[in-house]
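See structure below.
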Amino acid sequence: EALPMSPEIFHALVFWLPAFLFSITVHEAAHAWSAVRLGDPTGHLGGQVSLSPIPHIRREPLGMLVVPLLTAITNGWAMGWASAPYDPAWAERYPRRAAWMAAAGPAANYCLAILSLILLRAGLAMGYFVSPQTVNINHLVGPAAGGEAGLAAFLAQGLSVLLMENAILGTFNLVPLPPLDGSAAIGLLLPEKAAASMRHLARSPQFSLVGLLVAWKVFPLVSTPLFSLMIRLVHPGVTYS
């Protein structure tokens, strides 16, 4: 007789891992696509301008599968990493273009978050979803009466997870520390010399590891206000304690 699946593993396998794979694939494809448009075909030649997760998994299997699954089970939400190749010489020659390329990934996640929000609000307006008594990261809305075990319940949770996954990915990647996208995207705001110094630091594996650890420790301070913001956007006028 098969052992029952825990809720944590069920949510991780059915909702969070698929949401992460889709969202990070769009994120990396946006990096590679924008780089091509801005003059660097490296990501395109590496097969990263693709909405299939396969080329991205081949490049980063640990960050695309193992880590997001483990974080979804242990933290309740999925995090991991992927990467799109680019030409460092091109980035040195065109620092502003490289900064736009870096910003494209988080921008893609925010676009997916906005789309998820629109669908959630539309479902609420049409009576397909309802405002639940309590909300959590898996359930920002609930199914209308009678839909607890059907498609409405699946979509309610799926869109809730997709919204939160993309809000988390987009915001985390904007932390201005290497190796996160924010360390390069901030070049759009910094003087050129400061942006060049940040790019050089980003190439150091040791500094990148420190930056990732610091960002991982800092992000929980942002995650609670971020979750509160998503609740207010989904349920304007409704107060949740």
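Remember, it's a predicted structure, so these values are computed and weren't measured experimentally. These values consider heavy atoms only, across backbone and side chains, with no hydrogens, waters or symmetry-generated copies.
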If you look at every heavy atom in Gly105 and His31, which pair is closest and at what distance?
-> N-CE1, 3.4 Å

For the atom pair CD (Glu165) and CE (Met79), what is the distance rounded to the nearest 0.5 Å?
-> 7.5 Å

State, with a plain yes or no, whether a side-chain heavy atom of Met64 is found less than 4.5 Å away from one of Arg58.
-> no

Same hydrophobic cluster for Leu188 and Ile186, using side-chain heavy-atom links shorter than 4.5 Å among ILVMFWY?
-> no

Supply the atom-to-atom distance Asn75 CG to Ile168 CD1, rounded to the nearest 0.5 angstrom.
-> 9.5 Å

With a 4.5 Å limit on heavy-atom distance, are the side chains of Trp81 and Leu62 in contact?
-> yes

Is a side-chain donor or acceptor of Gln48 paired with a backbone partner of Ala84 at a separation under 3.5 angstrom?
-> no

To the nearest 0.5 angstrom, please state how far the CG atom of Leu115 sits from the CG atom of Leu163.
-> 10.0 Å

Considering only heavy atoms from C-beta outward, does the side chain of Trp33 approach that of Leu38 to under 4.5 Å?
-> no

Considering all heavy atoms, the nearest Leu226-Ala167 contact | CD2-O, 3.6 Å

Should Val49 and Met101 be regarded as members of a common hydrophobic cluster, given that ILVMFWY residues are connected when their side-chain heavy atoms come within less than 4.5 Å of each other, either directly or indirectly?
-> no

Could you please spell out the steps behind the side chain to side chain contact (heavy atoms under 4.5 Å, CB included) verdict for Trp16 and Ile137?
-> CA-CA 11 Å; Trp16 283 101; Ile137 201 168; 3.9 Å; yes

CG-CG distance between Leu169 and Asp181, expressed to the nearest 0.5 angstrom | 10.0 Å

Least distance between heavy atoms, Phe20 atom then Gly80 atom | CE1-N, 3.4 Å

State, yes or no, whether a side-chain contact exists between Leu65 and Leu69 at a heavy-atom distance under 4.5 Å.
-> no

Any donor-acceptor pair under 3.5 Å from Arg96 side chain to Gly187 backbone | yes

Relative to each other, are the rings of Tyr86 and Trp90 parallel, tilted or perpendicular (30° and 60° limits)?
-> perpendicular

For Ser50 and Ala29, work out which heavy atoms get closest and say how close.
-> O-CB, 3.5 Å

Do Ser116 and Met164 touch side chain to side chain, with heavy atoms closer than 4.5 Å?
-> no

So Phe154 and Phe15, would you call those rings parallel, tilted or perpendicular, with 30° and 60° as cut-offs?
-> tilted

Carefully, step by step, assess Tyr128 and Leu151 under the rule side chain to side chain contact (heavy atoms under 4.5 Å, CB included).
-> CA-CA 10 Å; Tyr128 194 65; Leu151 180 61; 3.7 Å; yes

Carefully, step by step, assess Val161 and Asn138 under the rule side chain to side chain contact (heavy atoms under 4.5 Å, CB included).
-> CA-CA 6 Å; Val161 167; Asn138 289 294; 3.9 Å; yes

Checking side chain to side chain contact (heavy atoms under 4.5 Å, CB included) for the pair Val141/Val130: CA distance, chi angles, key distance, verdict?
-> CA-CA 6 Å; Val141 300; Val130 296; over 6 Å; no

So NE2 of His44 and OG1 of Thr42: to nearest 0.5 Å the spacing works out to 11.0 Å

Indicate, with yes or no, if Met230 and Leu155 share a hydrophobic cluster defined by side-chain heavy-atom contacts under 4.5 Å among Ile, Leu, Val, Met, Phe, Trp and Tyr.
-> yes

Hey, any chance Leu21 and Ile9 share a hydrophobic cluster, counting ILVMFWY side chains that come within less than 4.5 Å of each other, even indirectly?
-> yes

Arg97 side chain to Ala91 main-chain N or O, any donor-acceptor pair under 3.5 Å?
-> no

Looking at side-chain heavy atoms only, is the closest gap between Thr71 and Trp77 below 4.5 Å?
-> no

Can you see which heavy atom on Tyr240 is nearest to which on Ser131, and at what distance?
-> OH-CB, 3.5 Å

State, with a plain yes or no, whether a side-chain heavy atom of His139 is found less than 4.5 Å away from one of Gln157.
-> yes

Taking Ser160 for the side chain and Leu140 for the main chain, is one N or O donor matched with an acceptor at less than 3.5 Å?
-> yes

Over all atoms of both residues, closest heavy-atom pair of Ser183 and Pro178 | CB-N, 3.4 Å

Heavy-atom distance under 4.5 Å between the side chains of Tyr110 and Asn166, does that happen here?
-> no

Do Leu162 and Leu51 share a hydrophobic cluster (ILVMFWY, side-chain heavy atoms under 4.5 Å, transitive)?
-> yes

Does any N or O in the side chain of Asn109 come within less than 3.5 Å of the main-chain N or O of Ser23, such that one atom is a donor and the other an acceptor?
-> yes

To the nearest 0.5 Å, tell me how far Leu159 CG sits from Leu120 CG.
-> 5.0 Å

Does Asp40 reach the main-chain N or O of Val36 with its side chain, forming a donor-acceptor pair under 3.5 Å?
-> no

